[in-house]
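Reviewing the structure listed below.
Just so you know, these numbers use all the heavy atoms, side chains as well, and skip hydrogens, waters and symmetry mates.
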Amino acid sequence: MRKQVVTFDKNASLSNLLGNVIVSNSIAFGSIQFVNNTNKEIIAVKFNIRGYNSFGETVLINDCPAFQVMVQDLHVIPFSYSKQISVQLPSLEIRRIDVFEYQTCFNDSTIITYSGKDEVGCELLLLENNILADNEIANAYSLRSFQVNNYPAEINSDWVCCCGTFNSNEQCKKCGKSKTEVFKLVTPNNAVQIVDEQKSINKKNKSKKREKKVILSIVVAFLLMSITTVFYFSSHVVYFSDEVMIEDIQGNWTKYNSNGDAVSQILISGSSFSYNDWNGKSLNDKIECNPLRGEFTTPSNSYKYKMEKNGRIFCKDEMVAQFDYRKGGSPLVVKKNDYEPFPTALKLTKGILYQDGIYTKSDVTITNNGEKTYHDIYVTGFFTSDGKPKGYSISEFVCEDSVLKPGESITITVSSICSDTNYCDVVILSAYND
């Protein structure tokens, strides 16, 4: 165990808010990631961003030290990391960004506006994964439906749960345990007692397992006398030799997606193993059999392949992916790379500036030169006079309720209330494809 002083922002809906800058094809992009620190799903966020150049100097946007970015169509579940979010930055000079929470929209349509930092701190006693005694405590509590990363602590009228979550209410917003229950059960003295109880239970369970193994050995010995090839056990097939198993799994096996498309294939010829998928990935290896479990593996990947009694090969990796292969299948068609960045696919063609009353306007055509269909294209215009900022067009969505298919174009008008502008730069802040 170790002691550590930690701080919590009582007003924050987001935590671990990080931002990096990537420059590609003379365009600066911001890469943003955060943790949803609430018990509701986040679907949209507005960020305030400050940009800096390589010398650490603030890059002004329309004479302002900060600018705002909105990201929609998110699905960030409670207490989890978001995916990396990419947004186009309004200036190519930016090389570093500070990202701040402004507004958060949830899937129940509620919106929270960040009211500024309100930090509180305390000293926590943390469990450490690399210490055996701490692991025993965490495992013993987990079998009693408690996630214990630390001992609980009180901060005035607030508290930190044993799962590490800061709370202002009686019930933990992450694990659902009550404050009274946590402080009563998760203490150093109770931890010693619970670990001892669990060791006693484990000792009894091991004794029962040994008895079961003796009985199973007798059953297996009896079966071996009467069966010399293969039989079905539970959902998978059990073999009594490598040779019998290898003979049974020979041939071509195909994995299909939900649309019925063949996405990968394995070919077993003798003890040789070949893998190909529709992204062009391939692998050649030798199989290693575990006939009594009906499984085989290959040294070069983490997958386990198991022969099912329904005639399919079930495949599972060390994480969570799982799927099955069916015997046979037509030759695999390798698809091309499906990724298409919108800055290279969407072409902007600006028209000349013209006056319309007190407004300076420019007609801009967006052409889809890519291979994907785009929607929710977020566009803004920056107006200058002899290189000095003179205003900007209100950012707007193009194709919000429609789509821009490959080869199609759409024309929009950007405008500024400043009449003495002589140049307009238009950028696409974000766009989504199917």
Side-chain angles (χ1 to χ4, degrees), residues 2-20 30-52 56 58 61 64-72 74-85 87 96-127 146-184 186-187:
R2 63 184 173 89
K3 293 181 178 180
Q4 180 174 317
V5 176
V6 295
T7 58
F8 302 92
D9 187 348
K10 297 174 65 174
N11 294 332
S13 298
L14 314 179
S15 62
N16 295 1
L17 184 54
L18 301 174
N20 296 305
S31 178
I32 302 172
Q33 191 174 32
F34 61 86
V35 172
N36 178 359
N37 204 35
T38 73
N39 57 1
K40 295 188 289 186
E41 181 180 332
I42 293 175
I43 62 172
V45 180
K46 287 183 180 179
F47 299 103
N48 286 331
I49 300 178
R50 288 178 177 264
Y52 306 90
T58 301
I61 305 300
C64 294
F67 57 95
Q68 194 174 99
V69 169
M70 177 175 62
V71 182
Q72 302 185 103
L74 301 175
H75 298 283
V76 187
I77 62 177
F79 304 101
S80 68
Y81 271 96
S82 69
K83 296 180 180 179
Q84 290 285 350
I85 302 168
V87 296
R96 180 173 66 84
I97 56 175
D98 289 336
V99 186
F100 305 94
E101 174 184 349
Y102 173 58
Q103 279 187 328
T104 306
C105 181
F106 298 94
N107 62 343
D108 61 357
S109 299
T110 58
I111 296 174
I112 293 179
T113 300
Y114 182 58
S115 57
K117 279 188 178 181
D118 183 8
E119 289 188 333
V120 294
C122 69
E123 185 178 76
L124 289 182
L125 187 59
L126 305 177
L127 302 186
F146 277 83
Q147 179 188 348
V148 177
N149 299 320
N150 52 268
Y151 286 106
E154 285 191 289
I155 312 175
N156 299 324
S157 61
D158 304 316
W159 63 291
V160 181
C161 183
C162 58
C163 67
T165 305
F166 175 84
N167 297 280
S168 296
N169 297 321
E170 174 66 21
Q171 188 176 41
C172 177
K173 60 186 177 183
K174 182 179 181 181
C175 69
K177 300 295 183 183
S178 71
K179 178 181 178 181
T180 303
E181 184 182 21
V182 169
F183 277 87
K184 179 180 179 181
V186 186
T187 66

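Nearest heavy-atom pair across Asn149 and Cys163 is ND2-O, 3.0 Å. Closest heavy-atom contact between Phe166 and Lys173: O-CE, 3.3 Å. Asp98 and Arg96 get closest at one heavy-atom pair: OD1-NH1, 3.5 Å. Of all the heavy atoms in Thr165 and Cys172, the pair that sits closest is CB-SG, 4.0 Å. Taking both residues in full, the closest heavy atoms of Phe146 and Cys162 are given as CD2-SG, 4.2 Å, listed atom of the first, atom of the second, then distance. Nearest heavy-atom pair across Ile97 and Gly30 is CD1-CA, 4.2 Å.
Between Val35 and Phe79, every side-chain heavy-atom pair lies at or beyond the 4.5 Å cut-off. When side chains are defined from C-beta on, Lys174 does not count as touching Asn167, because their heavy atoms never get closer than 4.5 Å. Counting heavy atoms from C-beta outward, Ile112 and Thr38 have side chains that stay 4.5 Å or more apart. Contact check for Leu74 versus Ile85: side-chain heavy atoms found under the 4.5 Å cut-off.
For Phe34, there are no ring-ring contact (aromatic ring centres under 6.0 Å, His included) partners at least two apart in sequence or on another chain. Partners of Asn150 according to the side-chain contact (heavy atoms from CB on, under 4.5 Å) rule, which considers only residues two or more places apart in sequence or in another chain, are Leu124, Leu126, Val160. For Tyr102, the side-chain contact (heavy atoms from CB on, under 4.5 Å) test picks out Lys46, Asn48, Gln68, Thr113, with sequence neighbours left out. When the side-chain contact (heavy atoms from CB on, under 4.5 Å) test is applied to Asn11, the partners found at least two apart in sequence or on another chain are Asp9, Tyr114, Ser115, Asp118. Residues meeting the side-chain contact (heavy atoms from CB on, under 4.5 Å) test with Asp108, sequence neighbours left out: Lys40, Phe106, Thr110.
For the atom pair Leu17 CG and Asn37 CG, the distance stands at 11.5 Å (nearest 0.5 Å). Rounded to the nearest 0.5 Å, atoms OG (Ser157) and CG (Asn169) are 10.0 Å apart. Rounding to the nearest 0.5 Å gives a distance of 12.5 Å between SG of Cys122 and CH2 of Trp159. Atoms NZ and CD, on Lys177 and Gln171 in that order, are 10.0 Å from each other to the nearest 0.5 Å. Taken from OG1 in Thr187 to CG in Leu125, the straight-line distance is 11.5 Å, to the nearest 0.5 Å.
The stretch residues 149-160 participates, sequence neighbours left out, in these salt bridge (Lys or Arg N to Asp or Glu O under 4.0 Å) pairs: Lys10-Asp158, Glu154-Lys179.
Using a 3.5 Å distance cut-off with no hydrogens or angles, the side chains of Ser31 and Gln84 do pair a donor with an acceptor.
Within the 3.5 Å criterion, the main-chain N or O of Thr180 finds a donor-acceptor partner in the side chain of Glu170.
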